[in-house]
Amino acid sequence: MTTKQDPIRGKTLQFIWTKGPVANTTHEHTFNADGSMTWRILDGDAKGKSGDEKEYASMPVSDDVQVVSYQSHSGFTVTLGMNFKDGRMAGAASNTEQWFPVEGTFKVESVPT
């Protein structure tokens, strides 16, 4: 994929959650060049917890909006609509028994070396 199609590949983003089971926490997500993803919780009761996920999907909806989805090793799938013009995100987190709407904001923090 090109950068235009996948603006998160090879970058680290902070997700600031405002709605859902992890509301009021910030998570760092590094979307690796090989298509895998690493996340880390930056604050709250679970601060420092992290995980590596085998793959993520990122698809353009428009020039400013991207849909990003990944399944964590905990069994939850997170699917987000991410607006790169205003930094808002919204979507859902679900497993075989639970479903939660999620919302928040995000910002691109860095490009990993």
Quick one: pull up CD in E28 and CD1 in I41 and give me the separation to the nearest 0.5 Å.
11.5 Å

Is N32 reaching over with its side chain to a backbone N or O of D34, donor-acceptor style, under 3.5 angstrom?
no

Drop me the distance from F76's CZ to Q71's CD, to the nearest 0.5 angstrom.
11.0 Å

Rounded to the nearest 0.5 Å, how far does CD of Q66 lie from CG of D6?
6.0 Å

Please report the shortest heavy-atom distance between N95 and G75, naming the atom on each side.
CB-O, 3.5 Å

Taking a hydrophobic cluster as the set of Ile, Leu, Val, Met, Phe, Trp and Tyr residues connected by side-chain heavy atoms closer than 4.5 Å, whether directly or through intermediates, do F84 and V78 fall within one such cluster?
yes

Heavy atoms only: give me the nearest Q14-L42 pair and the separation to one decimal.
NE2-CD1, 3.5 Å

If the test is side-chain contact (heavy atoms from CB on, under 4.5 Å), which one of V22, T26, T105 qualifies with W17?
V22

Do you know the tightest heavy-atom contact between D43 and N24?
OD1-O, 4.4 Å

Which value, rounded to the nearest 0.5 Å, describes the distance between D52 atom CG and H73 atom NE2?
8.0 Å

Give me the ring orientation class for Y56 and F31: parallel if the planes are under 30° apart, tilted from 30 to 60°, perpendicular past 60°.
perpendicular

Kindly say whether the aromatic ring centers of F106 and H29 come within a distance under 6.0 Å.
no

Looking only at heavy atoms, what is the nearest atom pair of S69 and T77, with distance?
OG-CG2, 3.9 Å

Side chains of R40 and T30: does their closest heavy-atom pair fall under 4.5 Å?
no

Option among V68, V102, V67 that satisfies the side-chain contact (heavy atoms from CB on, under 4.5 Å) test with T79:
V67

Check whether any side-chain heavy atom of R9 lies under 4.5 Å from a side-chain heavy atom of S58, and answer yes or no.
no

Taking all non-hydrogen atoms of both residues into account, name the closest pair between M89 and L80 and its distance.
SD-CD1, 3.9 Å

Quick check on the hydrophobic clustering: are M59 and V65 connected, directly or via other members, by side-chain heavy-atom contacts under 4.5 Å?
yes

Within this structure, what is the OG1-CH2 distance for the pair T12 and W39, rounded to the nearest 0.5 Å?
15.0 Å

Is it the case that one hydrophobic cluster holds both V108 and M37, taking links as side-chain heavy atoms less than 4.5 Å apart, direct or via other members?
yes

Measure across E53 and S36 and return the closest heavy-atom pair with its distance rounded to 0.1 Å.
O-CB, 3.3 Å

